[in-house]
Enquirer: 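Take a look at this one; I'll ask things after.
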Number of protein chains: 2
Amino acid sequence: MARKPPTKPRKNALQERSRATVDALIEATARILVREGFEKTSTNRIAEVAGVSVGSLYQYFPSKEALVAAVIDRHHEEIMGIVRATLCDVMDMPIEKAVRRLVTVAIDAHRINPKLHRVFAEQIPRAGKLDVEAFNREVHTLVRAYLDSHRKEMRKIDLDVATFICVSTIEAVAHNTVLNPAEMLPEKTVRTLVDETTRMVVGFLKPSA
Amino acid sequence: MARKPPTKPRKNALQERSRATVDALIEATARILVREGFEKTSTNRIAEVAGVSVGSLYQYFPSKEALVAAVIDRHHEEIMGIVRATLCDVMDMPIEKAVRRLVTVAIDAHRINPKLHRVFAEQIPRAGKLDVEAFNREVHTLVRAYLDSHRKEMRKIDLDVATFICVSTIEAVAHNTVLNPAEMLPEKTVRTLVDETTRMVVGFLKPSA
DNA sequence: AGGAAAAGCGAGTGAATGCTCGCATTATAG
DNA sequence: CTATAATGCGAGCATTCACTCGCTTTTCCT
């Protein structure tokens, strides 16, 4: 019974109990990132908060970075789910309606966990950054597809340029709205921002005359 | 001749030679940040590259963060100089012309030292972030002043909202243009981006009819 | 039940690094 | 020329932290 070296030396292996451990570790990492900042997020502390030992931590995550990356992935996946769904059911709407939805969703997405978002933006050194790039690329592709199928409502313009500008703009407004000021601004202001941003983007895409 | 306690225990004190030391330290920090990344930027390494000793380093900078902050400040001051000057001589121009200049300048500013900019954006944990906030606030104030004195060319809109959206948009396009792709994109594409971004912002500000 | 594999443990190790301190060198003043 | 301050030095201290290893406990399978 000793065919394979019986040790699965590292990595994932999930049988119910360990799944909970993995979750606890990711959750703990997110909590510490938000509450104590990236600097204080050490593997020992993560294990402590998660209620497991460092040893267990290293059974499932080969490095500290892997843990942080897992937190980022989880958050990105959550956001991408919303974005994909939205772009899906927006596909048949006219530009005006669709853009308004997208702007709203962008702000909502940034509001899922503003503090975590802030930590990502301000504190975490994105080393590989491949994740973020992939994320951006998918958004770009999806938006481009929408614009492509609504060309008739638009003026003549290079699709990639239009996509780039629209995505950049919407993302920036959402980002700055959520991160900049006193963290929580009145609902009315947010509505104004959505209105105005929508107007800007729609005006940009629609034929000028 | 021993009136004042003769020790200037720490901090700045500049008599020609030390000035050079300080410059060398800041310059070395910038170089290491760009060439080796934030992680490799240790005080010992900085001193080594600057050709001075750690001891000297700590005579002028109370901590590693202070050094990095100095690099950031230097870069921001450079950019703010350009922005201030531009907004100054743009003050009397009509919106169309002014916005085009601003978009161009924004991209140029991001291109002063793209690699350094990238390090700031991706690797450096902005702890206090007071510097960045002050930076943003000043830009906001300047742009707002311009818009205020050109109200007659604009539709009716809250000045702060308009400023917020314009600044966010222009900054985002510039940022993504310089950082995103293959680092160096063709001049023609950049011109297109300037044109289109200008069109968007101007269309947003001008009366609709 | 019983044995094997999976999961969990946590004190300890080794390396990296921010920073200090006592001394050496260079400039300035009288 | 000499005293005093300014500047510069760099070995080493103290700390932090990612990560390992030998062991125990739990779960699964027959």
Side-chain angles (χ1 to χ4, degrees), chain A residues 1-26 28-29 32-33 36-71 123-125 127, chain B residues 1-26 28-29 32-33 36-71 123-125 127:
Chain A
M1 267 279 171
R3 294 283 172 84
K4 300 172 188 173
T7 43
K8 273 185 184 167
R10 191 72 62 87
K11 283 250 166 183
N12 61 347
L14 313 184
Q15 73 168 215
E16 192 60 42
R17 180 168 57 139
S18 53
R19 184 133 211 124
T21 301
V22 169
D23 272 8
L25 284 167
I26 296 178
T29 306
I32 301 172
L33 283 174
E36 312 184 31
F38 180 74
E39 296 240 299
K40 303 272 179 192
T41 306
S42 66
T43 50
N44 289 320
R45 183 101 182 86
I46 292 172
E48 177 189 331
V49 170
V52 306
S53 75
V54 230
S56 299
L57 186 157
Y58 279 96
Q59 297 231 335
Y60 304 106
F61 298 93
S63 71
K64 178 192 171 179
E65 284 69 36
L67 252 166
V68 173
V71 174
Q123 295 185 40
I124 295 190
Chain B
M1 266 281 172
R3 294 285 171 82
K4 299 174 189 173
T7 42
K8 271 183 186 170
R10 189 73 62 86
K11 284 251 166 178
N12 62 347
L14 313 184
Q15 75 166 212
E16 194 58 43
R17 182 165 57 137
S18 52
R19 185 132 211 124
T21 303
V22 170
D23 272 9
L25 284 167
I26 296 179
T29 306
I32 301 172
L33 283 174
E36 311 184 31
F38 181 75
E39 296 242 298
K40 303 271 178 192
T41 307
S42 67
T43 50
N44 288 322
R45 184 99 183 86
I46 292 172
E48 177 190 329
V49 170
V52 304
S53 74
V54 230
S56 299
L57 186 157
Y58 278 96
Q59 297 230 333
Y60 303 105
F61 298 93
S63 71
K64 177 191 170 181
E65 284 70 34
L67 252 167
V68 174
V71 174
Q123 295 187 40
I124 295 192

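In the text below, chain A, chain B and the rest are named by the order of the sequence lines, each starting its count at 1.
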Enquirer: Could you state the interatomic distance from CD1 (Ile46(B)) to CZ (Phe61(B)), rounded to the nearest 0.5 Å?
Expert: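 One finds 9.0 Å between CD1 of Ile46(B) and CZ of Phe61(B).
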Enquirer: Give the rounded distance in Å between these two atoms: CD1 of Ile46(B) and C1' of dA16(C).
Expert: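 Atom CD1 in Ile46(B) sits about 15 Å away from atom C1' in dA16(C).
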Enquirer: Without decimals, in angstroms, what is the distance between Glu39(A) CD and dT15(D) P?
Expert: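 In whole Å, dT15(D) P lies 18 Å from Glu39(A) CD.
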Enquirer: Taking Leu67(A) as the fixed residue, which of Thr41(A), Val22(A), Leu57(A), Thr43(A) is the one that meets the side chain to side chain contact (heavy atoms under 4.5 Å, CB included) rule?
Expert: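 Exactly one option meets the side chain to side chain contact (heavy atoms under 4.5 Å, CB included) with Leu67(A), and it is Leu57(A).
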Enquirer: Using a cutoff of under 3.5 Å, can you pull out all pairs of nitrogen or oxygen atoms linking the protein to nucleotides 9-14 of chain C, with atom names and distances?
Expert:
residue: dC9(C); atom: OP2; partner: Ser53(A); partner atom: N; Å: 3.0
residue: dC9(C); atom: OP2; partner: Ser56(A); partner atom: OG; Å: 3.3
residue: dG10(C); atom: N7; partner: Ser53(A); partner atom: OG; Å: 3.4
residue: dG10(C); atom: N7; partner: Gly55(A); partner atom: N; Å: 3.3
residue: dG10(C); atom: O6; partner: Gly55(A); partner atom: N; Å: 3.4

Enquirer: Think Tyr60(B) has a side-chain N or O under 4.0 angstrom from the OP1 or OP2 of dG8(D)?
Expert: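 So the side-chain polar atoms of Tyr60(B) do come within 4.0 Å of the phosphate oxygens OP1 or OP2 of dG8(D), strictly under.
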Enquirer: To check you understand the geometry: which heavy-atom pair defines the closest contact between Ser56(A) and Tyr60(A), and what is its length?
Expert: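 For Ser56(A) and Tyr60(A), the tightest heavy-atom pair comes out as O-CD1, 3.2 Å.
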Enquirer: Whole angstroms only, please: what is the OH-P distance between Tyr58(B) and dT17(C)?
Expert: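 Between P of dT17(C) and OH of Tyr58(B): 12 Å.
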Enquirer: Taking atom CG of Leu25(B) and atom OH of Tyr58(B), what is their separation to the nearest 0.5 Å?
Expert: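 One finds 11.0 Å between CG of Leu25(B) and OH of Tyr58(B).
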Enquirer: What nitrogen or oxygen pairs link the protein and nucleotides 26-30 of chain D at under 3.5 Å?
Expert:
none

Enquirer: Please state how far atom NZ in Lys40(A) lies from atom P in dA18(D), giving the value in whole angstrom units.
Expert: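 In whole Å, dA18(D) P and Lys40(A) NZ are 13 Å from each other.
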Enquirer: When you measure from the side-chain N and O atoms of Thr43(B) to the phosphate of dT17(C), is any distance below 4.0 Å, counting only OP1 and OP2?
Expert: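 Negative; the distance criterion is not met.
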Enquirer: To the nearest Å, give me how far apart CZ (Arg45(B)) and P (dA15(C)) are.
Expert: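 About 20 Å, once rounded to whole Å.
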Enquirer: Of the non-hydrogen atoms in Gln123(A) and Phe38(A), which two are nearest, and what is the gap between them?
Expert: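 Heavy-atom minimum between the residues: OE1-N, 2.8 Å.
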Enquirer: Measure CZ/Arg19(B) against P/dA6(D) and give the value in whole Å, please.
Expert: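 It is 17 Å, rounded to the nearest whole Å.
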Enquirer: I need the Ile32(A) CD1 to Glu39(A) CD distance, nearest 0.5 Å.
Expert: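 Spacing of CD1 (Ile32(A)) from CD (Glu39(A)) equals 14.0 Å.
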Enquirer: State plainly whether the residues Arg45(A) and Glu48(A) are in salt-bridge range, i.e. N to O under 4.0 Å.
Expert: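 Looking at Glu48(A) together with Arg45(A), the answer is yes, because their closest N to O distance falls below 4.0 Å.
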Enquirer: What is the distance from atom CD of Glu16(B) to atom OG1 of Thr21(B), rounded to the nearest 0.5 Å?
Expert: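 Here the rounded value is 10.5 Å.
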Enquirer: Can you name the nearest heavy-atom pair linking Ala47(A) to Ser53(A), along with the distance?
Expert: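 Residues Ala47(A) and Ser53(A), closest heavy atoms: CB-C, 3.7 Å.
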Enquirer: Rounded to whole Å, please give me the gap between NZ in Lys64(B) and C1' in dA16(C).
Expert: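 It works out to 11 Å between those atoms.
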Enquirer: Between atom CD1 in Ile32(B) and atom P in dT17(C), what is the gap in whole Å?
Expert: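 Nearest whole value for this atom pair: 12 Å.
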